[in-house]
Amino acid sequence: MAQDATLSIGMAAPVTTMDPHEDSNSPNNAANRHIFDSLINRGSRAENKPQLATSWEVIDDTHWRFKLRKGVTFHDGSTFDAEDVVASLLRARDKPSHAFAAYTRNIANVTLEDPYSVVVETSTPDPLLLNSLSRIHIISSQYAKASVADFESGKAAVGTGPFKFVSYTPGDRIVLARNDNYFEGPAPWSKVTLRMATDDGGRLASLLSGDLDLIENLPAEGISRVESNNKLQIIRGQSTRFVYFGMDVSKDKTPFATAKDGSPLEKNPFKDARVREALLLAINRPAIVDRIMQKNGTVADQFVANGFFGHSEKVQTVGYDPRRAKELLAQAGYPEGFALTIHGPSGRYVNDSEVLQAVGQMLSRIGIATKVQVVPWSVYAGKYANGDYSMFLGSWGVNTGEVSNPAIALVAGLDKEKGTGRYNGGGVNVPEINKLLDQATASLKDDAREPLLQQVSELTFNQHWLLPMHYENVVMGASKAIAFTPRSDKYTMAYEVRPANATQK
């Protein structure tokens, strides 16, 4: 294997920050994972594996002890120890952005026992603590008070990970250099470029020309072109990414729903469960998966598919029935429908713009005069999470493989102190759901937790607080010179890419 082998990856969505604790979304977390390690490494199939922590034990219901890896150095040569862990976990918890609140919300304190041992105290028993800690990147304690700008300039972007920061050009690319002293051994690539290639056509063209070695979200129109190219291949896999529509169910009047003549509606239609059900009945989800997604997805009815923890057989399956949808709208007081603008990102989810257009047309057929507004992800990410839209396309990578992870973020009532509802853009706030999640996340016993999470699934989807669309599949285009097995979380990790003739780790 050549020592100067390089790798260029085309990312389908942009990275918005290199501060690993500032903004939690998949592109950011995946990119930062190249530079920073965590205590726990979340494997490609959502398994917990040692990383900077070599072992852990439950002391009691609210205290966990972690033994740390010795002999690890940061990219600047300084030694990794317990002080860095304490600083990182508390920084992620206390950041004003609260971006990692879903993962830090139960961390009451982190204390240093000795240079290679820390104790994490939780405010309540936390069965998902290991998963939460896998999300939090460990920085050098000397940069605990560093600004976002310090990380984005590279000054503070000093980790223990397999690659070192070289440069970050917002909206364009991240350049990384191999860490030859990485404790798990050096990666195959001396240089990695993560290109933010958000335009489907441009990303495909760069793969076909050889400018990129691997691209995310291979567009459907590119499948035949890749298949017919003897230097390229299609890589497929399954993911747990759940795609849905959210609605503003909190405001008395919602900003993007009006009467058809443009005058204000007397009330917010999405507060009526009949309207929410009508919307779902109007959407031909099998057709969207078949035609828009080119079969690269599976129709979803709830957060997780059958066989995953918290899936409920009592969630009602809602089929495509526009006639029934019109009846429900009439019953709710909208016999002629109303006007609506739906929002979504461009290039963040698989075929997101096309899905939005298709849904807009389907809603128009039941009398809801629908406009579609597509927003760049860098703008959209903050706005949908903050509840700026009336109806919006969302997605969540269910990386834990169980219901509490998406439910805490998407339908639990917003509570910054508790760390719930961080991405609950519709303002869902159902006391029974909140109570069930509190109970489920405070028990370390799976047989007690699962029925509670099943009830959360039933309440969420039988009352249509979210409109489930589909689970995404992974479809990537790549040079035949490389080998890569897609992850269930859809993270594209350069250190997991191998030259095709090399033995996979």
Side-chain angles (χ1 to χ4, degrees), residues 7-13 25-27 29-31 33-34 41-49 131 134 187-189 192 194 197 200 203-204 207 212-227 229 232-244 288-290 292-300 303-309 311 347-352 355 395-402 405-406 468-500 502-505:
L7 179 71
S8 294
I9 296 173
M11 301 175 67
N25 60 48
S26 293
N29 297 341
R33 174 62 190 83
H34 291 85
N41 182 21
R42 197 70 169 166
S44 62
R45 293 293 174 261
E47 70 276 23
N48 291 316
K49 301 191 294 185
N131 173 74
S134 76
W189 317 105
V192 169
L194 304 177
D200 283 353
R203 192 166 65 254
L204 174 63
L207 175 70
L212 292 172
D213 303 303
L214 175 67
I215 65 168
E216 299 176 335
N217 294 2
L218 176 65
E221 63 271 19
I223 290 177
S224 61
R225 297 182 69 183
V226 171
E227 286 177 332
N229 189 315
L232 300 177
Q233 61 178 316
I234 296 175
I235 298 175
R236 299 179 187 270
Q238 293 183 324
S239 85
T240 54
R241 178 161 289 278
F242 166 69
V243 179
Y244 65 94
I288 286 175
V289 166
D290 185 57
I292 306 297
M293 300 291 293
Q294 298 287 302
K295 297 185 172 63
N296 290 319
T298 305
V299 173
F303 289 121
V304 295
N306 188 25
F308 286 87
F309 197 82
H311 174 93
R348 174 63 188 94
Y349 317 131
V350 176
N351 293 356
D352 44 17
V355 169
S395 178
W396 192 263
V398 187
N399 301 329
T400 60
E402 53 78 57
N405 171 253
M469 291 294 292
H470 52 264
Y471 308 113
E472 287 184 356
N473 291 347
V474 183
V475 185
M476 310 178 80
S479 163
K480 286 184 178 178
I482 65 169
F484 178 65
T485 301
R487 300 169 56 95
S488 61
D489 57 17
K490 299 191 74 178
Y491 286 13
T492 306
M493 313 308 304
Y495 53 85
E496 293 180 345
V497 181
R498 291 283 180 267
T503 302
Q504 194 85 352
K505 271 192 175 182

Throw together a table of side-chain donor-acceptor distances under 3.5 angstrom for residues 470-478, partners on residues two or more places apart or in other chains.
| from | atom 1 | to | atom 2 | distance (Å) |
| --- | --- | --- | --- | --- |
| Y471 | OH | Q302 | O | 2.8 |
| Y471 | OH | V304 | O | 3.2 |
| Y471 | OH | A305 | N | 3.2 |
| E472 | OE1 | K490 | NZ | 2.4 |
| E472 | OE2 | V350 | N | 3.0 |

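Looking at heavy atoms from C-beta onward, L214 lies in side-chain contact with I235 at the 4.5 angstrom threshold. For the pair N41 and R33, the minimum side-chain heavy-atom distance is below 4.5 Å. Using a 4.5 Å cut-off on side-chain heavy atoms (C-beta onward), T485 and E496 make no contact. Using a 4.5 Å heavy-atom cutoff, the side chains of K49 and S134 are not in contact. Using a 4.5 Å cut-off on side-chain heavy atoms (C-beta onward), S26 and D489 make no contact. P468 is not listed as a side-chain neighbour of F303, based on a closest heavy-atom distance of 4.5 Å or more. In this structure the side chain of F308 never reaches within 4.5 angstrom of the side chain of V398, judged on heavy atoms. A heavy-atom distance below 4.5 Å is not found between the side chains of I9 and I482.
Nearest heavy-atom pair, D200 versus N351, reported as atom, atom and distance to 0.1 Å: OD2-OD1, 4.5 Å. In plain terms, the two heavy atoms of A187 and Y495 that are nearest each other are CB-CB, 4.4 Å. Across W396 and Y244, no two heavy atoms sit closer than the pair N-CE2, 4.4 Å. Residue A30 comes nearest to M493 through the heavy atom pair O-CE, 3.3 Å, listed as atom of the first residue, atom of the second, then distance. Contact between L7 and A494 at its shortest, heavy atoms only, is CD2-CB, 3.9 Å. Here the closest heavy-atom approach between residue R225 and residue L204 is recorded as NH1-CD2, 4.2 Å.
A distance of 9.5 Å separates CZ of R203 from CG of L212, quoted to the nearest 0.5 Å. With rounding to the nearest 0.5 angstrom, the CD1 atom of I234 is 8.5 Å from the OG atom of S224. Here R236 contributes atom CZ and I223 contributes atom CD1; the two are 5.0 Å apart, rounded to the nearest 0.5 Å. In this structure, N405 CG and T240 OG1 are separated by 8.5 Å, a value rounded to the nearest 0.5 Å.
With sequence neighbours left out, S395 forms a side-chain hydrogen bond (donor to acceptor under 3.5 Å, both in side chains) with R241. Listed by chain and residue number, T16, D23, P27, N28, W377 satisfy the side chain to side chain contact (heavy atoms under 4.5 Å, CB included) test with N25 (two or more places apart in sequence, or in another chain).
A donor-acceptor pair under 3.5 Å is absent between the side-chain atoms of E216 and the main chain of A197, judged by distance alone.
A 6.0 Å sphere centred on NZ of K295 holds no more than 12 heavy atoms belonging to other residues, nucleotides or ligands.
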